[in-house]
Amino acid sequence: MEIQLEIVPESERKAKPDAALGFGRHMADHMFVMSWDEAQGWHDAAIKKYADFSLDPAAMVLHYGQAIFEGMKAFRGRDGRIHLFRPTANFARMNKSAQRMCMPQIPEDEVMKGLRMLLEADADWIPDEHGSSLYIRPTMIATEAGLGVRPSNQYLFYIITCPVGAYYPEGFDPVKIFVTDKYVRAVPGGVGAAKTAGNYAASIMAAVEAQKAGYTQVLWLDAVERKYVEEVGTMNIFFVIGDEVVTPPLTGSILPGITRQSVMQILEDWGLRVVERPIAIEEVFAATENGQLSEIFGTGTAAGISPVGALHYNDRDCTINGGCTGQLSQRLFDHLQGIQYGEMEDSHGWVENI
Ligand code: COI
């Protein structure tokens, strides 16, 4: 597939943000787009100016939510090169989401080529400061106009990027988490393992209630018994209990995080015991009370490694590690960032240089 390259002239480029980056506020100058229909497959691939799309009001994504996305990051290494973290894992996961949502498979090699071209076009958008990066958002939406419920016959795939700092207002400081058993995120047999827009839409009400109560994020429990921990709003979750690091298993209702998998690998490389098993919220509180639980941290592309300082569940509160960042969370944070910025050995070949 040929990818057209339409570079935005210098005079039409946007000013770079000069204040704190925050997350997802400033979009770069270019985007990658390509279209799909049954007759042509993927076609009209181009790098072009970041701009509005024109969508029919009956476009199926607007009614039935066939929308999937990914999140990955490019880092500016000390060597000045661009380091892209595990992009092939993200595109492979996107194809799993596409399959679940009855959307077409993306050609992973072609899309990777498009991403490389995009990053070359917007290389000056990749921030230099440690802790910041270029967040990359591949997305696919159903664009056919029609009101019947069935798979769309037309899709748009695009990649947009934006320079980002920390996802949470706390930065790398521990976040406070609200455990909900009033709402659920995903049910067995549902779409919890797919990175589809509706999962996030369904999470917003609980997140708003948690924020009103003074918490940064929601920790979801399983939908059947409302007892076992699943994941946090924008990250997977790990508990350090005794000499084990415990994380819930991927049972189909949890997002198979790429940072989650990377962290499990790093912990194993360090000779630590990582256990994927169901963990009840009651066990978490009991282990905190009897001193067995030393740390909780979340993992995600946007969130990175995010220590958890406090949990609230019904009328109970617990503080983790005195509300401070634990040793293991700090070590993981430093190690993962070290790999991502090209300052530590990338023994698993996770980083692609552009
Ligand atoms: C990510 O971590 O990349 C996510 O997609 C989570 C969130 C920003 C939606």
Side-chain angles (χ1 to χ4, degrees), residues 21-28 61 65 67-75 83-98 100-101 111 115 119 126-127 131-141 157-172 175 177 185-186 191-208 210-211 215-220 230-238 247 250 253-264 297-308 332-333 336-337 340 350:
L21 288 172
F23 187 89
R25 295 206 292 256
H26 315 277
M27 303 302 157
V61 65
I68 58 174
F69 65 90
E70 274 301 322
M72 63 180 104
K73 280 179 174 170
F75 300 82
H83 302 252
L84 192 51
F85 189 68
R86 305 198 73 179
T88 48
N90 281 94
F91 289 133
R93 184 173 68 179
M94 189 164 200
N95 268 337
K96 290 204 176 112
S97 300
R100 179 64 183 85
M101 301 303 289
V111 166
L115 176 57
L119 291 178
I126 304 174
S132 61
S133 56
L134 190 77
Y135 186 77
I136 300 165
R137 174 53 63 85
T139 307
M140 195 200 307
I141 55 172
F157 171 90
Y158 59 93
I159 307 178
I160 53 174
T161 70
C162 57
V164 297
Y167 184 75
Y168 298 126
E170 291 89 340
F172 180 61
V175 290
I177 303 261
R185 173 185 174 273
V191 295
K195 206 160 171 65
T196 185
N199 284 334
Y200 294 86
S203 76
I204 290 173
M205 182 179 258
V208 168
Q211 277 152 20
Y215 296 85
T216 313
Q217 284 274 307
V218 170
L219 174 61
W220 301 101
E230 296 242 302
E231 63 179 88
V232 177
T234 57
M235 53 190 192
N236 296 113
I237 188 102
F238 289 77
T247 195
L250 301 178
S253 54
I254 294 178
L255 190 80
I258 288 152
T259 312
R260 172 187 183 275
Q261 197 274 326
S262 308
V263 159
M264 289 172 66
F297 59 87
T299 62
T301 298
I305 307 292
S306 182
V308 176
L332 277 168
F333 177 87
L336 191 65
Q337 281 216 339
Q340 291 169 329
W350 286 336

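In listed order, ligands and their atoms are each counted from 1.
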Check whether any side-chain N or O of Thr299 sits under 3.5 Å from a backbone N or O of Ile305 as a donor-acceptor pair, and report yes or no. no

Would you check if Val232 and Val175 make a side-chain contact, meaning some heavy-atom pair closer than 4.5 Å? no

Residues that Phe23 engages under ring-ring contact (aromatic ring centres under 6.0 Å, His included), provided they are two or more places apart: Tyr135, Tyr167

Under 4.0 Å from ligand 1, residues with heavy atoms, in chain and number order, are Phe69, Gly71, Tyr135, Arg137, Tyr167, Lys195, Tyr200, Thr234, Thr301, Ala302

Any side-chain heavy atom of Phe75 sitting closer than 4.5 Å to one from Gln337? no

Side chain of Ser97, backbone of Lys195: donor and acceptor closer than 3.5 Å? yes

Taking the side chain as every heavy atom from C-beta outward, state whether Phe85 and Thr301 have any atom pair closer than 4.5 Å. no

